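For clarity, every value in this text was computed on a predicted model and none was experimentally measured. Quick note on labels: first sequence line is chain A, next is B, and so on, each numbered from 1.
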Protein chains: 2
Amino acid sequence: MKPSKPNKRQEIQRRERQLLETAGQILLTEGYSELSMERLADELNTAKGTIYNHFPNREEIVLAMAVQAINKRQSLFDAASTAKGGSRMRILAVGVACEIYVRSYPALFLVENLVRHASIWDRCSDARRDLMRNCEHRCMGLVAGVARSAMADGDLELPRGLSPEEMVLSLWALTSGSYLIGATSPSLPEIGIGSVYRSVRIGILHTINGFNWQPIWNLDEHEKRIHETTDSVFPDEPSLPPIEDA
Amino acid sequence: MKPSKPNKRQEIQRRERQLLETAGQILLTEGYSELSMERLADELNTAKGTIYNHFPNREEIVLAMAVQAINKRQSLFDAASTAKGGSRMRILAVGVACEIYVRSYPALFLVENLVRHASIWDRCSDARRDLMRNCEHRCMGLVAGVARSAMADGDLELPRGLSPEEMVLSLWALTSGSYLIGATSPSLPEIGIGSVYRSVRIGILHTINGFNWQPIWNLDEHEKRIHETTDSVFPDEPSLPPIEDA
DNA sequence: ACACAAATTGACGACGCGTCAGAAACACCA
DNA sequence: TGGTGTTTCTGACGCGTCGTCAATTTGTGT
C-alpha cells in the first residue's frame, strides 16, 4: 500500500534539490549578485520564509552547492584512481578528471571557487564547513595516495622534506590556478595565451616529469594516453578535444 | 612664495591616498563585509557623499587598491628582471619576488584575488579595468620576456606550439594558486601540508627543471641562490627564511 | 471530528547603497 | 575688502535586500 499522497518529508527534500538546482542556474547564467532570497522564492513559488527553513542565509546555499561540487569532483577522482597501468597512469587520469570537471561542470567549478571567499565562508555553519573540509580532505588524500603508491613502487622519489601532499599541492595549484585565471582574466588571447587547457596539459606533464615520476613521457605519448584514459576511465563523460584545438 | 595654505587639489589627493590606505586596513583586518561606504566616511571624518566624489561605488575602491597592488608587483618583477647571472637566475628572481610579495604585502595579495570576482569586476568602470589589465599585461610581458631571452640564449626550448606566455602561465598558476589555497583553505596542516612556501619553492624548481631550463639545479643549489637573490636584488625587502622553517 | 505539531506566509525592522538639493568653502577679480 | 560664480561637501532620503516572527495554513495521529 504505497502512499498516494507523497510524504511531506519527501516533498521538502525535493524542494531542497530544486532549490540548489535553480540557484546554480542563476549563479552560472546571471552571476552572484542576482542570487537573492527573494528571487529564489519567486522562482520556486514559495515565500521567502520557506527558503529560510532550508538554509539560514544566502551564503549557506552557496556552500551547499560547493559541497555538491566537490562531491562530484571526488567521484571523478575516485574513477581516476582506478586507472590501469601504474601510478603514472593514475596521476594522469587525475589530470584528465580535472579537465573534464572544468569543461563539463562549469557551474560546479565556479561555485567551488566562490566559496573560498571569506565573506561567504565566514557566514556559514560549522557543520557544513566541516562537510566541505572533509570532502576536500578526501580528494587530497586520494591524489596523495597515488603519489604514495608511486613511491612504494619505486616510480617516484620526493625531495627531502617534501610530503606527497605538498607535492600534490603543486599539481592542484597549477591546475586550478590556471583554470581560475582562465575563467576570470579577461582577454587572455591578447596577453599571448591561446588555450588554458593546452597550457595546463603541457604544464602538468613537465611538472610531473620534473619530479622525475617514472615513466617519463614526451608530449606525444602524454597526449595519446590522455585520450586513451578519457575513453577507458570516463566512458560516460564527453571526450576531450585533441591538444591542437584547445 | 610657497602657498602656506595647501592647495585644495592636493588636499583631495591626500584624502584619496588615505582612503585607499584605510580601506586596505579594514579589508585585511576585518574583511570585505566590513568595508562599507558609511564606515569609510566615518573613518575619514567626512560625509558619505564625499567618498562618492572619489569613487562611484564600493567595488571601484577595491579595484583601485588592486591596481596599486599590481603596480607593486610589477615593481618587484622589474627588479627581478635585472638579476645577474643569466635567464635562469632571472626567472628564479621572479619566484623570489612572488614570495616576498605575498609575505610582505598580504593586503595587496588579498585584494588582487578579490578583484577577480565577477560581482566586483563587473561593477567597475572600463577605464580602471583597462588600467588593471594593462598592468597585468605588463607583468606577464616581463616574465615572458625572461623566457624569451632564455630561448634566445639557448637555455630553454619550449615544446612545439607552446608560447612563452603559456609556459609562464604554469608558473604563475602554480605560485598564485598555491598561495591562494594557502590563504583560503583552512587547516592545511591537518591535510598534510606543512608549509605552502616550501611547497611552492620546490614545485617551481621542479617545474622549471621539467621544462629543461638550463642550468638544472638541485634543491640545495636552488635554495642557496634564492637567498643570494633576496639579498642582492631585493636589499630593501625583509629576507626570506630558509626552507626548513617554512 | 478534534487537537496537537509542523510548515508556510508575508509584513516588518534594520541596514547599506547611491542620489541630490541645498549649504559651505573656495577662487578670482574689481 | 566685498562680491560673484564655481567647486566641494553634506546628510537626509528612497530604494532594495536581508533575516525575523507572529499569525495562519497544512498535516498527522487518535
Side-chain angles (χ1 to χ4, degrees), chain A residues 1-19 22-23 26-27 30-65 114 117-125 128, chain B residues 1-19 22-23 26-27 30-65 114 117-125 128:
Chain A
M1 196 229 282
K2 74 172 168 214
S4 61
K5 214 189 287 182
N7 194 330
K8 188 80 192 174
R9 195 69 165 274
Q10 295 176 321
E11 163 70 12
I12 291 178
Q13 287 186 355
R14 199 192 57 78
R15 190 175 46 221
E16 185 152 323
R17 276 197 303 278
Q18 198 190 342
L19 198 164
T22 55
I26 294 175
L27 211 50
E30 304 179 49
Y32 185 59
S33 52
E34 292 307 307
L35 184 64
S36 70
M37 298 310 246
E38 270 86 355
R39 170 77 186 277
L40 272 175
D42 273 7
E43 211 88 30
L44 297 185
N45 297 315
T46 67
K48 196 162 40 145
T50 303
I51 308 287
Y52 280 94
N53 272 357
H54 292 269
F55 299 99
N57 55 47
R58 188 163 58 128
E59 288 74 15
E60 192 100 11
I61 296 178
V62 178
L63 185 53
M65 286 190 277
L114 205 49
H117 272 263
S119 49
I120 296 184
W121 184 261
D122 290 348
R123 305 204 44 190
C124 292
S125 68
R128 216 178 236 103
Chain B
M1 197 233 278
K2 75 174 169 210
S4 62
K5 214 188 286 181
N7 193 332
K8 188 78 191 175
R9 195 68 166 275
Q10 294 175 323
E11 163 70 12
I12 291 178
Q13 286 186 355
R14 199 191 57 77
R15 189 175 45 222
E16 186 153 323
R17 275 196 304 279
Q18 198 190 343
L19 197 164
T22 55
I26 294 174
L27 211 50
E30 305 178 49
Y32 185 60
S33 53
E34 291 307 308
L35 184 64
S36 70
M37 297 309 247
E38 270 86 355
R39 172 75 186 277
L40 271 174
D42 273 6
E43 210 88 30
L44 296 185
N45 296 315
T46 67
K48 197 163 39 148
T50 304
I51 308 286
Y52 280 94
N53 273 356
H54 292 269
F55 298 99
N57 54 47
R58 190 164 56 129
E59 288 75 13
E60 192 99 12
I61 296 177
V62 179
L63 185 52
M65 287 192 277
L114 204 50
H117 271 263
S119 49
I120 296 184
W121 182 262
D122 291 348
R123 305 205 40 184
C124 291
S125 67
R128 212 177 240 105

Roughly, in whole Å, what's the span from CD in B:E11 to C1' in D:dC9?
12 Å

Partners passing ring pair (Phe, Tyr, Trp, His ring centres under 6.0 Å) against A:H54 (at least two apart in sequence or in another chain):
none

OP1, OP2 of C:dT8 versus side-chain N and O of A:R15: anything below 4.0 Å?
yes

In residues 40-47 of chain A, what residues come within less than 4.0 Å of DNA chain C, judged by heavy atoms?
A:T46, A:A47

Using five base pairs at each end, measure the axis-to-axis angle across the helix from C:dA1-D:dT30 to C:dA30-D:dT1 and round it to 10 degrees.
0°

Excluding sequence neighbours, so at least two apart, what forms salt bridge (charged side-chain N to carboxylate O under 4.0 Å, His left out) with B:R128?
B:E60

Once you round it to whole Å, what is the distance between P of C:dA6 and CD of A:Q10?
19 Å

Residue list, side chain to side chain donor-acceptor pair (under 3.5 Å) with A:Q13, at least two apart or on another chain:
none

Hey, what do you get for CG (B:L27) to OG1 (B:T22), rounding to the nearest 0.5 Å?
11.0 Å

Distance, rounded to the nearest Å, where A:E34 contributes CD and D:dG16 contributes P:
13 Å

Look up atom CG in B:L44 and atom CD in B:E16, then write down how far apart they are to the nearest 0.5 Å.
11.0 Å

Nearest-Å distance for atom pair CG/C1', residues B:N53 and C:dA25:
14 Å

Take atom CD1 of A:I51 and atom C1' of D:dG19, then tell me their distance rounded to the nearest Å.
13 Å

How long is the gap from CG on A:L40 to CZ on A:F55, to the nearest 0.5 Å?
9.5 Å

Distance (rounded to the nearest 0.5 Å) between B:N45 CG and B:R15 CZ
11.0 Å

Rounding to an integer number of Å, can you tell me how far A:I26 CD1 sits from D:dT17 P?
12 Å

For nucleotides 12-18 of chain C, read 5' to 3', which letter fits each nucleotide if B means a protein heavy atom sits under 4.0 Å from the base, S means only the sugar-phosphate is that close, and - means neither?
----SBB

Hey, what do you get for CG (B:L63) to CG (B:L114), rounding to the nearest 0.5 Å?
10.5 Å

State, to 0.1 Å, how close A:Y52 and A:N57 come at their nearest heavy-atom pair, and which atoms those are.
CE2-CA, 4.2 Å

Starting at OG1 of A:T46, measure out to CD of A:Q18 and round the result to the nearest 0.5 Å.
9.5 Å

Just by modelled atom types, is the B:M37 backbone N or O under 3.5 Å from a matching donor or acceptor in the B:R58 side chain?
no

Just how far, in rounded Å, is C1' of D:dG29 from CZ of A:R9?
17 Å

